[in-house]
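To find a chain, count down the sequence lines: A is the first, B the second, and so on, and within it residues start at 1. Small disclaimer: the values here were computed from a predicted structure and weren't measured.
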Amino acid sequence: MSEEKKSLNFIEQIIEDDLANGLPKEKLRFRFPPEPNGYLHIGHAASICLNFGLGLRYNAPVNLRFDDTNPAKEEQEYVDAIKYDVQWLGFKWDKILFSSDYFQQLYNWTIELIKEGKAYVDNQSSEEMAKQKGTPTQPGINSPNRNRSVEENLELFLKMKNGEFEEGSHVLRAKIDMEHVNMHMRDPIMYRILKRAHHRTGNNWCIYPMYDWTHGESDYLEQISHSICTLEFKSHRDLYDWYVDQVFNETKLALRPKQREFARRNLSYTVMSKRKLLQLVEENIVNGWDDPRMPTISGLRRRGYTPSSIRTFSDTAGISKRDNVTDVALLEHCIKDDLNKTAPRVMAVLNPIKLVITNYPEGKEEWLTAENNQEDENAGYREVPFSRELFIEKEDFKEEANKKFFRLTLGKEVRLKNAYIIKGESVVKDANGEITEIHCTYDEDSRSGSGTEASKRRVKGTLHWVSIKHAVKAEVRLYDRLFTDEAPDGHKDKDFKEFLNPNSLKIITAYVEPSLKTAKILDRFQFQRLGYFCVDKETNESNLVFNRTVPLRDSWAKKGV
RNA sequence: UGACCCAUGGUGUAAUGGUAGCACUCCGGUUUUUGGUAUCGUCAGUCAAGGUUCGAGUCCUUGUGGGUCAACCA
């Protein structure tokens, strides 16, 4: 066997270079650092698969670290959901950690920085400070408070910490360079006053460190070798490095973490920003974070996506540094490919019309053997009931049709899947001319698997069906893309909600074979000839609910039009 | 009137100075008791102009296009 040479992505190349330049392999360590202010989505999955994938590849630990420095937005509910999603995706973290674990250490370091004259308290309004900050093309000017004495800074900062000042009245700033070409280096804020309870530290603190002053230091404390984030943090890298430099102590913690950036993953026909997803939830445009139309991990799960399909998608899409919009067709391909191999086949009729087999004895019923999954030889068989009156799909019958219509018409034969060959004979119509029943006859010797000559006859079409007497009613939710535009938030002068698809959810009543009575929440099936479906969490004793994960490819419908 | 990042088929990615490849999508053929799957095939790409080199998608220069940066958010 020749080993396949898999090309490295640019992050792996950076790591390989570092290893080649002397970084010991045992020092490799990664982290996935979500802020617990919302649910994880398919874009996060890219980051999760990247970081945990690196951990697997190099046999290195990966921490799950919650970046929880803003109590105004963060909640325990999100922490729990994120933990669940990461493990559901199939990854194991080394340690579960919180930036808030480092508040005291951060505070201690801050005192040192103030003593070294590298940080100062500023009590100007945010408007004043913004004015002094300059613009990307114009340098800023120094704050009048920039040269407070160390003693005064220490005293003011202590008062900030002790809650003696109002929110917004004072901040602590790093003293770097107001003329720096990088805006982030113009005396960035390190601490602000927030008189709010934190979901973990309660009311212990009323000053909270900012992201930049927390992230690199957390990486450093955890000795993360490669801190991988998205592109918009690129310009934060100078600050990241500056902060790490301030506390770096080779004898205590020898490894200096390295921030590297990759492009976030976008998906066509949806939005990925947490703010916009939150808006969809709060305005009840969708039914919660786990609405099956949402690109969240929980939404995809409820829709019927498997962890493996999401991992395959992330790996296949890859990573790079350029803006991208990945075609949702790739995601759909990944789930279809997975489910094709694993999902049991069943019969369900979504749009029923009655079919009567006139030469089949009234009152007779047979239990026919059906293969669960011809792609999986271990999947076995089940029994499905057959009788004189069945439901088939309305679309599977036409009174008259051309040669390309491989379904039931008057005078022609088709096979009923797992059952008999039938021939269309006549129709019954109501006063409006609508067909209410189709009458047909069956060939008694043609039963599937019976081995008779008649059973081996080839007919052009095969239809799925359910026995009316035995069928189980089920609610089926048919989903379409949430937006009608490939990039709903890619239009400068239009709100993304203008592109909402009014038909993204259609609820119907369907009839399914009785074996489905015992289906459990999250069980996935292929409704033959229709698509993949998954049992919804709202299923109960009296109401069986299915979500359509994705339809089967339909090359007939495409040509049909 | 700045700095930084990016530019390969419709989409996403690979080629580490040496045959532009893979996957998805689209389209067509074969097989099929799912118009599914499988399988075979077609179409389709290096932003532009210069330069270096025996040789450039790759290196250099200039241009063009896109993105990021001025929250007491992360």
Visitor: Using the C1' atom on both, measure B:U68 against B:C26 and round to a whole Å.
Guide: 34 Å

Visitor: Under a 3.5 Å limit for both distances, which nucleotide forms a Watson-Crick or G-U wobble pair with B:A3, could you say?
Guide: B:U68

Visitor: Determine which pairs satisfy salt bridge (charged side-chain N to carboxylate O under 4.0 Å, His left out) with at least one residue from residues 162-182 of chain A, sequence neighbours left out, and list them in order.
Guide: A:Asp122-A:Arg173

Visitor: Could you check whether A:Thr296 and A:His41, counting side-chain N and O atoms only, form a donor-acceptor pair closer than 3.5 Å?
Guide: no

Visitor: Quiz question: going by heavy-atom distance under 3.5 Å, is there a donor-acceptor pair between the base of B:U37 and the side chain of A:Gln374?
Guide: no

Visitor: Mind checking who B:G12 pairs with, Watson-Crick or G-U wobble, both distances under 3.5 Å?
Guide: B:C22

Visitor: Go through residues 65-77 of chain A and report each residue with a non-hydrogen atom lying under 4.0 Å from RNA chain B, sorted by number.
Guide: A:Asp67, A:Thr69, A:Asn70, A:Lys73

Visitor: Taking the nucleotide of RNA chain B with the closest heavy atom to each, which residue, A:His236 or A:Ala130, is nearer the 5' end?
Guide: A:Ala130

Visitor: Describe the nucleic acid contact of A:Arg458 in one word from base, sugar-phosphate, nothing, applying a heavy-atom distance below 4.0 Å.
Guide: sugar-phosphate

Visitor: Of the options B:C72, B:C69, B:G2, whose atoms approach the side-chain atoms of A:Val171 most closely?
Guide: B:C72

Visitor: Cation-pi check for A:Phe405 against A:Lys398: NZ or CZ below 6.0 Å from the six-membered ring centre and within 45 degrees of the axis, yes or no?
Guide: yes

Visitor: When the P atoms of B:A56 and B:U46 are considered, how many whole Å apart are they?
Guide: 16 Å

Visitor: Check whether any side-chain N or O of A:Arg186 sits under 3.5 Å from a backbone N or O of A:His180 as a donor-acceptor pair, and report yes or no.
Guide: yes

Visitor: Ring-plane angle category for A:Phe483 and A:Phe496, please: parallel below 30°, perpendicular beyond 60°, tilted otherwise.
Guide: tilted

Visitor: Within the pair A:Lys336 and B:A38, is there a side-chain N or O less than 4.0 Å away from OP1 or OP2?
Guide: no

Visitor: Can you tell me how far the NZ atom of A:Lys159 sits from the CD1 atom of A:Ile207, to the nearest 0.5 Å?
Guide: 14.5 Å

Visitor: Of the listed nucleotides (B:U33, B:A70, B:U68), which one gets closest to any side-chain atom of A:Lys133?
Guide: B:A70

Visitor: Against A:Pro36, only a single residue in A:Gln76, A:Arg200, A:Glu74 fulfils side chain to side chain contact (heavy atoms under 4.5 Å, CB included); can you say which?
Guide: A:Glu74

Visitor: For nucleotides B:G57 and B:C47, find the distance between their P atoms and express it as a whole number of Å.
Guide: 10 Å

Visitor: Kindly indicate whether the side chain of A:Arg345 and the base of B:U34 share any N or O donor-acceptor pair separated by less than 3.5 Å?
Guide: yes

Visitor: Using the C1' atoms only, state how far B:C72 lies from B:G67, rounded to an integer number of Å.
Guide: 27 Å

Visitor: Please name the nucleotide paired to B:G35 by Watson-Crick or G-U wobble geometry with both distances under 3.5 Å, or report none.
Guide: none

Visitor: May I ask you to evaluate whether A:Ser555 reaches the phosphate of B:G36, defined as a side-chain N or O under 4.0 Å from OP1 or OP2?
Guide: yes

Visitor: Would you say the side-chain atoms of A:Asp327 and A:Tyr269 include a donor-acceptor pair closer than 3.5 Å?
Guide: no

Visitor: Does A:His464 place a side-chain N or O at less than 4.0 Å from the phosphate oxygens OP1/OP2 of B:U34?
Guide: no

Visitor: Does B:C59 have a Watson-Crick or wobble partner in any strand here, with both distances under 3.5 angstrom, and which is it?
Guide: B:G51

Visitor: How far, in whole Å, is B:U19 from B:U64 if one measures between their P atoms?
Guide: 33 Å

Visitor: On RNA chain B, compare the nucleotides closest to A:Asp212 and A:Ala419; which residue's is nearer the 5' end?
Guide: A:Ala419

Visitor: Does any N or O in the side chain of A:Asn51 come within less than 3.5 Å of the main-chain N or O of A:Phe30, such that one atom is a donor and the other an acceptor?
Guide: no

Visitor: Do A:Lys274 and A:His44 come close enough that some side-chain heavy atom pair is under 4.5 Å?
Guide: yes

Visitor: Which letter, B, S or -, goes with each nucleotide of nucleotides 42-47 of chain B from 5' to 3', with contact meaning a protein heavy atom under 4.0 Å?
Guide: ------

Visitor: Of all of residues 159-169 of chain A, which get a heavy atom below 4.0 angstrom from RNA chain B, listed by number?
Guide: A:Gly168

Visitor: Run through A:Phe165, A:Phe157, A:Tyr120 and flag the one making a ring pair (Phe, Tyr, Trp, His ring centres under 6.0 Å) with A:His170.
Guide: A:Phe165

Visitor: For the pair A:Phe391 and A:Tyr511, name the ring-plane relationship: parallel under 30°, tilted 30 to 60°, perpendicular over 60°.
Guide: tilted

Visitor: Measure from the side-chain heavy atoms of A:Lys234 and tell me the nearest of B:G35, B:C5, B:G2.
Guide: B:C5

Visitor: Which residues pass the salt bridge (Lys or Arg N to Asp or Glu O under 4.0 Å) test with A:Glu393, not counting sequence neighbours?
Guide: none

Visitor: Establish whether the base of B:U34 is bridged to the side chain of A:Arg529 by a donor-acceptor pair shorter than 3.5 Å.
Guide: no

Visitor: Give me the distance, rounded to whole Å, that separates B:A14 from B:C24 when you measure between the C1' atoms they each carry.
Guide: 15 Å

Visitor: Quick one: which of B:G36, B:C69, B:G35 gets closest to the side chain of A:Pro136?
Guide: B:C69

Visitor: Which residue is it: A:Glu222, A:Arg237, A:Arg31, A:Gln259? I am looking for the one with a side chain to side chain donor-acceptor pair (under 3.5 Å) to A:Ser227.
Guide: A:Arg31

Visitor: Do A:Tyr240 and A:Asp219 pair up side chain to side chain, a donor and an acceptor below 3.5 Å, judged on atom types alone?
Guide: yes

Visitor: Between protein and nucleotides 12-14 of chain B, what N or O pairs are separated by less than 3.5 Å?
Guide:
residue, atom, partner, partner atom, Å
B:G12, OP1, A:Val325, N, 3.1
B:G12, O3', A:Arg265, NH1, 3.3
B:G12, O2', A:Ala317, O, 2.6
B:U13, OP1, A:Ser320, OG, 3.0
B:A14, O2', A:Ser7, OG, 3.4

Visitor: For B:G21 versus B:G45, give the span between their C1' atoms, rounded off to a whole number of Å.
Guide: 12 Å

Visitor: For the base of B:U33, is there a side-chain donor-acceptor partner from A:Ser448 under 3.5 Å away?
Guide: yes

Visitor: Under 5.5 Å between ring centres and under 30° between planes: does that hold for A:Trp556 against the base of B:G35?
Guide: yes

Visitor: Decide yes or no for A:Glu395 and A:Asn351: does some side-chain heavy atom of the first lie under 4.5 Å from some side-chain heavy atom of the second?
Guide: yes

Visitor: Taking donor-acceptor contacts at under 3.5 Å, does the side chain of A:Glu375 reach the base of B:G36?
Guide: yes

Visitor: Given B:A74, B:G35, B:C72, identify the nucleotide with an atom nearest to the side chain of A:Phe233.
Guide: B:A74

Visitor: Run the numbers on A:Ser308 and A:Thr306 for side chain to side chain donor-acceptor pair (under 3.5 Å), then give the verdict.
Guide: CA-CA 5 Å; A:Ser308 152; A:Thr306 58; 4.6 Å; no

Visitor: Taking only the side-chain heavy atoms of A:Lys417 (C-beta and beyond), determine which of B:U33, B:C73, B:G35 contains the nearest atom.
Guide: B:U33

Visitor: Is the phosphate of B:U33 approached by A:Arg407 (side-chain N or O, under 4.0 Å from OP1 or OP2)?
Guide: no

Visitor: Can you check the distance between B:A44 and B:A49, where both ends of the measurement are the C1' atom (answer in whole Å)?
Guide: 25 Å

